[in-house]
Amino acid sequence: MAPPRSFLWTRRIVLTLLTGFVLLPVYVMISSSLKPLEDVSGKFEWIPSALTLRPYADIWETIPLADYFVNSIVVAGAATVFSVVVAIFAAYAVSRYSFRGKRVFTVTVLSTQMFPGILFLLPLFLIYVNIGNATGIALFGSREGLILTYLTFSLPFSIWMLTGYFDSIPRELDEAAKVDGCGPIRALFRVIVPAARPGIVAVAVYAFMTAWGEVLFASVMTNDTTRTLAVGLQGYSTQNDVYWNQVMAASLVVSVPVVVGFLLLQRYLVAGLTAGAVK
């Protein structure tokens, strides 16, 4: 039975409004990034009177954007790799084995998501400083320390989601792999990991996006040489002026890796989130 005409028109109107709501800020960013600074600082014009690509060249000279870009890629990439690897082993153990304290472990992992990140800022700062004073290992102000910090947030959710995804994979696959002579580790990588590819991709995308756009810890745990993009964009604001056209241009440039990655992995992400959320 076809839906009524009123429903179809209502759906079209709602989708059109939502599309405009999403695309309007993008248009403002793009148009502002193509304007001279004096045009952006004045009254906003929907149709620019003058267009220039100069802001896209100036963003690399006003601040060391390339260095911040490298720092963000290294930190977000390393946090993603470690989150995926550790979550795979932890989720496989929770899903396939029974051990003392299993329920306490799963509840603890899930309960960490209830607390705001700012509660961990001062404890992590003191821990890193004391470790540096006691051992000489400079975690505060380093990429390594920031990677460890992001793992504290991405790992619990990654373990929880992959556990749900592993539970949806039939145990008969493990038994068949054991009959063929595979041990637990070999069965994990030969059978479970290929079957759980959508869930693993979803975990990787979540971990990467969490580290890529994080501001609070990056503003405290980094210095001038290890600063990431989320914090480095503040450099376009000076005591005398704000380079709004360069801010918009830089925001578009730094969004490209996340947008491209999301578009390429969208089908895996949707499948992984759906299967991992429901057992």
Side-chain angles (χ1 to χ4, degrees), residues 73-117 119-120 123-124 144-214 217 258 261-262 264-279:
I73 291 178
V74 171
V75 171
T80 300
V81 171
F82 285 120
S83 293
V84 170
V85 172
V86 176
I88 287 175
F89 285 102
Y92 182 70
V94 174
S95 175
R96 290 300 192 263
Y97 297 97
S98 298
F99 52 89
R100 181 177 299 178
K102 175 180 177 179
R103 184 170 182 80
V104 175
F105 173 77
T106 55
V107 172
T108 302
V109 166
L110 188 59
S111 63
T112 57
Q113 303 300 301
M114 297 188 303
F115 302 100
L119 291 179
F120 303 97
L124 285 175
E144 292 78 8
L146 195 59
I147 292 170
L148 289 176
T149 301
Y150 291 155
L151 285 177
T152 62
F153 301 105
S154 60
L155 260 181
F157 179 81
S158 301
I159 294 173
W160 174 76
M161 189 167 67
L162 272 185
T163 299
Y165 201 96
F166 286 171
D167 287 343
S168 65
I169 299 176
R171 295 178 179 269
E172 288 76 9
L173 294 178
D174 302 56
E175 298 174 357
K178 292 179 181 179
V179 171
D180 293 338
C182 294
I185 301 299
R186 190 176 178 184
L188 171 63
F189 287 101
R190 293 287 298 274
V191 178
I192 305 301
V193 169
R197 188 178 303 167
I200 295 174
V201 171
V203 167
V205 172
Y206 167 80
F208 185 84
M209 294 183 64
T210 300
W212 185 263
E214 201 278 329
F217 287 89
V258 177
F262 180 82
L264 292 176
L265 303 174
Q266 183 179 9
R267 60 191 184 96
Y268 294 107
L269 180 62
V270 174
L273 290 174
T274 303
V278 181
K279 294 184 179 181

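Between I192 and R96, some side-chain heavy-atom pair lies under the 4.5 Å cut-off.
Between F157 and W160, the angle of the ring planes lies from 30° to 60°, which puts this pair in the tilted group.
Minimum heavy-atom separation, I147 to A78: CD1-CB, 3.4 Å. Residues P184 and Y97 approach most closely at CB-OH, 3.3 Å, considering heavy atoms. Residues F166 and A91 share a closest heavy-atom pair of CD1-C, 3.6 Å.
With hydrogens and angles disregarded, no donor-acceptor distance shorter than 3.5 Å links the side chain of K102 to the backbone of A93.
Between W212 and the options I73, V75, T80, a side chain to side chain contact (heavy atoms under 4.5 Å, CB included) holds for only I73.
With sequence neighbours excluded, the residues that form a side-chain contact (heavy atoms from CB on, under 4.5 Å) with F120 are F115, L124, F153, F217. Among residues two or more places apart in sequence or in another chain, the side-chain contact (heavy atoms from CB on, under 4.5 Å) test is passed with R190 by R186. Applying the side-chain contact (heavy atoms from CB on, under 4.5 Å) test to P123 and every residue at least two apart in sequence or in another chain returns nothing. Under the side-chain hydrogen bond (donor to acceptor under 3.5 Å, both in side chains) criterion, T210 pairs with no residue at all, not counting sequence neighbours. Applying the side-chain contact (heavy atoms from CB on, under 4.5 Å) rule to F189 yields the partners F89, I185, V193; only residues at least two apart in sequence or on another chain are considered.
The OG1 atom of T163 sits 7.5 Å away from atom CZ of F105, with the distance rounded to the nearest 0.5 Å. The CD1 atom of I169 sits 10.0 Å away from the OH atom of Y92 when rounded to the nearest 0.5 Å. Here the CD1-CE distance, from I200 to M161, works out to 10.0 Å after rounding to the nearest 0.5 Å.
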Can you give the donor-acceptor pairs under 3.5 Å from side chains of residues 81-88 to other protein atoms, not counting sequence neighbours?
unit_1, atom_1, unit_2, atom_2, d
S83, OG, A79, O, 2.7
S83, OG, S154, OG, 2.7

